[in-house]
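Okay, structure first, notes after.
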Amino acid sequence: MASRVIPVDPFDLVVFGGTGDLARRKILPALFRRYVAGQIEGDVRLIGAARSEMDATAYREMVREAILEFGGDEAGRKTELAAFLKMLDYVTLDAKGTQGWADLAAKMRTDRICAFYFSVAPSLFGDLAKRLHKHGMADDESRIVVEKPFGRDLETARALNRTLARHFHEGQIYRIDHYLGKETVQNLMAIRFGNVLFEPLWNSQYVDHIQITVAESVGVGGRGDYYDSSGAMRDMVQNHMMQLLCLIAMEPPAKFEPDAVRDEKLKVIRALDPVEPENVVRGQYEGGDAQPGYRAQVENADSLTESFVALKAHISNWRWAGTPFYLRTGKRLKERASEIAVMFKDAPHSIFGADAGRHHNILTIRLQPNEGIELGVTIKEPGPGGMRLIDVPLDMTFAEALGPEEADFPDAYERLIMDVIRGNQTLFMRGDEVEAAWAWTDPVIAEWDAQSDAPLPYASGSSGPDDALMLMHRDGRRWREIRP
Ligand code: NAP
């Protein structure tokens with residue numbers, strides 16, 4: 001069963017920062033894979049733009065190497081690679097100066113979709129937007145793609161929104177949260193709104209609590225200095241985890257359309273109660289097993305930045321009042337594993353007596369690795385000797401259920417870049433959503449800054465600080481084991 005690929009209309013895509021890490025590792029390999037899949041065809045042009053002096057030939061060589069390194073299995077397709085590279089062009093350009101802008105303007109065509117990917121530091125977004133207008137490259141149909149981080153708090157996010165709004169209307173701005181491009185994250189909506197099975201139970205009457213875990217086994221590595229100015233709350237919770245929470249908690253949108261979906265997500269964020277200080281735990285990993293600790297990997301040896309956060313959130317609305325959402329994310333944890341677990345309540349009355357124990361269903365959506373869904377159901381333990389109950393998983397690993405080819409999901413960037421070209425903003429964050437998310441996380445960060453206490457240390461390869469376990473224990477609950 002091969003999936004149907006519909007080619008997108010012809011387009012010109014300018015990648016500002018086309019020589020940078022993100023462009024080489026993600027954006028250009030993603031475009032190549034869509035080309036191999038047959039989604040990009042015909043007279044398409046991909047124009048890299050950065051300050052580095054080089055011509056189109058040198059740029060093509062740089063991109064060829066990037067695709068060989070990061071392009072996955074498709075990188076071996078030599079004929080396609082040669083044809084893809086012909087689509088590439090390059091302009092030496094300074095976002096803050098005058099160099100290169102006239103050259104770029106001369107290259108752009110007006111008879112097609114024009115998209116501009118801002119794969120540069122956010123401090124350059126305003127300069128790019130201004131110059132695109134000044135040089136007549138942006139009309140009402142053109143699109144800009146902006147990367148995270150979108151601000152570092154509410155104030156800076158508002159300022160950034162205002163800057164972009166001076167030159168582009170909201171319908172032209174594609175704020176990337178690559179989690180929304182993940183196939184399994186989109187599947188959350190399919191599972192909830194494509195089945196009758198779950199939605200009637202999807203509320204505080206039947207759901208005891210929800211756990212969202214995004215655990216990484218690696219540390220900050222070479223990104224130490226960027227990460228140290230950010231921390232887990234800004235880097236993961238405000239954006240990726242907030243998006244997961246929204247998709248789990250939102251009301252059914254009337255249609256799978258950009259504003260219908262984003263309106264519902266915004267309502268969730270606005271219904272979140274402020275996080276009480278006793279409901280949040282932050283940690284920082286220590287060294288071990290010849291691995292350096294967090295502070296040895298960043299410039300500031302006394303850094304108070306958190307590499308781990310666990311928190312309990314409440315959504316004050318009819319659907320979720322009384323059902324807490326526990327969020328946990330961190331680096332250098334025991335495994336790389338991301339999942340959402342919907343923990344249903346115990347059956348209201350056990351007809352099998354006290355010996356049968358208490359049992360409840362768990363719906364687990366595994367985001368990575370081994371993407372899939374598992375439903376824990378209670379059955380009779382086989383054999384004679386009375387009615388003893390056990391919990392067993394109904395497990396659907398997508399690779400097994402769909403076959404390895406179908407379950408070879410496109411990378412998030414492939415999906416999202418194609419959505420930009422198609423003009424579909426459903427999987428991109430709207431400006432008011434981003435601001436609302438910052439409005440919720442800002443007070444937590446402000447409280448930490450005010451206390452200036454160090455985050456709690458935790459051992460590399462553990463499940464995080466013990467206090468994170470206590471966050472659950474004191475409610476009579478337990479985190480699920482972090483396992484792939
Ligand atoms: P990077 O490796 O430092 O690349 C920055 C790019 O910007 C380079 O191509 C650089 O090329 C260009 N540039 C810098 N100053 C410029 C100027 N004045 N005019 C024109 N071009 C200029 O950064 P990155 O890691 O690719 O990140 C790019 C953006 O994506 C950032 O906003 C980052 O937060 C975001 N992001 C990155 C990742 C990732 O995994 N890398 C993940 C999520 C989000 P020249 O030096 O040749 O000008």
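None of these values were measured; they are calculated from a predicted model. Atoms within each ligand, like the ligands themselves, are counted from 1 in listed order.
Counting only distance, with no hydrogens or angles, the side chain of W440 and the backbone of D273 share a donor-acceptor pair below 3.5 Å.
Residues passing the side chain to side chain donor-acceptor pair (under 3.5 Å) test with N161, sequence neighbours excluded: R175, E435. In this structure H133 satisfies the side-chain contact (heavy atoms from CB on, under 4.5 Å) test together with A138, H167, F168, sequence neighbours excluded.
Going from atom CD1 of I144 over to atom OH of Y174 covers 10.5 Å, rounded to the nearest 0.5 Å.
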Name the atoms and distances for all side-chain donor-acceptor pairs under 3.5 Å in residues 108-120, with sequence neighbours left out.
residue	atom	partner	partner atom	Å
R109	NE	D12	OD2	3.4
R109	NH1	D43	OD1	3.3
R109	NH1	D43	OD2	2.9
R109	NH2	D12	OD1	2.9
R109	NH2	D43	O	3.4
R112	NH1	D43	O	2.6
R112	NH2	D43	OD2	3.4
Y117	OH	E147	OE2	2.7

For ligand 1, which of its N or O atoms have a protein N or O partner closer than 3.5 Å, and how long is each gap?
residue	atom	partner	partner atom	Å
ligand 1	2 (O)	D21	N	2.8
ligand 1	9 (O)	G17	O	3.3
ligand 1	9 (O)	T19	N	3.4
ligand 1	9 (O)	T19	OG1	2.6
ligand 1	9 (O)	G20	N	3.0
ligand 1	11 (O)	T19	OG1	3.1
ligand 1	15 (N)	R51	NE	3.4
ligand 1	15 (N)	R51	NH2	3.4
ligand 1	18 (N)	D94	OD1	2.9
ligand 1	19 (N)	A95	N	2.8
ligand 1	26 (O)	D21	N	3.1
ligand 1	26 (O)	L22	N	2.8
ligand 1	32 (O)	V120	O	2.7
ligand 1	34 (O)	K148	O	3.0
ligand 1	40 (O)	R25	NH2	2.6
ligand 1	41 (N)	D21	OD2	2.7
ligand 1	46 (O)	R51	NH2	3.0
ligand 1	47 (O)	R51	N	3.4
ligand 1	47 (O)	S52	N	2.9
ligand 1	47 (O)	S52	OG	2.4
ligand 1	48 (O)	R51	N	2.8
ligand 1	48 (O)	R51	NE	2.8

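A ring pair (Phe, Tyr, Trp, His ring centres under 6.0 Å) with F308 is found for one member of Y294, Y458, Y285 and no other, namely Y458.
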